[in-house]
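A short worksheet on the structure shown next.
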Amino acid sequence: ETGAPNDATELRPMSLQLAELVVLRGPEPLVGSRHPVALGSTRIGRGDDVEIRISERGVSRVHAELRVEGRGLVLIPLSRTNPTLVNGFA
């Protein structure tokens, strides 16, 4: 025994940020906002159960998902009502 107390160390979960979503155009409060994209998947929408929250009428509760696959990101549209656009294209 080393004499160190059992609670001397603690394991904490970490998320690894691989990318960042930056809002370039849109309503003023959102422009310039930065949102981390972690390993795995990141959901975008205006609902409470998403990782990136965008409170706008044209955004569905769960609008889209960014998924890290290999060395890239895949955007998966999830809304049937509101289109998901990247650089102005669907």
Side-chain angles (χ1 to χ4, degrees):
E1 180 157 329
T2 63
N6 290 337
D7 60 351
T9 60
E10 176 182 355
L11 291 175
R12 292 183 220 157
M14 276 181 43
S15 78
L16 180 61
Q17 179 179 333
L18 297 179
E20 186 175 61
L21 175 70
V22 180
V23 178
L24 300 177
R25 282 179 271 159
E28 191 56 41
L30 289 175
V31 173
S33 62
R34 299 176 165 310
H35 308 275
V37 175
L39 186 63
S41 65
T42 302
R43 290 172 301 155
I44 304 166
R46 64 177 167 78
D48 293 330
D49 58 343
V50 297
E51 289 76 33
I52 299 176
R53 193 156 188 259
I54 299 177
S55 299
E56 288 297 316
R57 283 189 331 198
V59 177
S60 298
R61 284 186 203 102
V62 180
H63 192 85
E65 180 178 315
L66 281 171
R67 195 175 292 163
V68 176
E69 290 189 5
R71 293 180 170 220
L73 289 172
V74 176
L75 177 67
I76 302 161
L78 299 175
S79 173
R80 294 180 186 198
T81 309
N82 300 308
T84 300
L85 305 175
V86 176
N87 298 329
F89 297 99

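From a predicted model like this one, the values you see are computed outputs, not experimental measurements.
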Just how far is it from atom CD1 of I76 to atom CD of E69, taken to the nearest 0.5 Å? 6.5 Å
Does any non-hydrogen side-chain atom of H35 lie less than 4.5 Å from one of V23? yes
Distance col, row S41:OG vs E51:CD, nearest 0.5 angstrom, shows 6.5 Å
Validation row: V50, V62 side chains within 4.5 angstrom (heavy atoms): yes
Do the side chains of L73 and V68 get nearer than 4.5 Å, heavy atoms only? yes
Got a donor-acceptor contact below 3.5 angstrom from the H63 side chain to the R43 backbone? no
How far does CG of L21 sit from OG1 of T42, to the nearest 0.5 angstrom? 9.0 Å
What is the minimum heavy-atom distance between R46 and S55, and which atoms define it? CB-CA, 4.1 Å
Would you say I54 and V31 are hydrophobically clustered, going by side-chain heavy atoms of ILVMFWY under 4.5 Å? no
Under 3.5 Å, side chain of R53 to main-chain N/O of I44, donor-acceptor pair present? no
E20: side-chain hydrogen bond (donor to acceptor under 3.5 Å, both in side chains) partners, not counting sequence neighbours: R34
Minimal non-hydrogen separation, S60 against N82, with atom names: OG-ND2, 2.8 Å
Once you round to the nearest 0.5 Å, how far does CG of L30 lie from CZ of R25? 13.5 Å
Rounded to the nearest 0.5 Å, how far apart are CZ of R61 and CG of L78? 14.0 Å
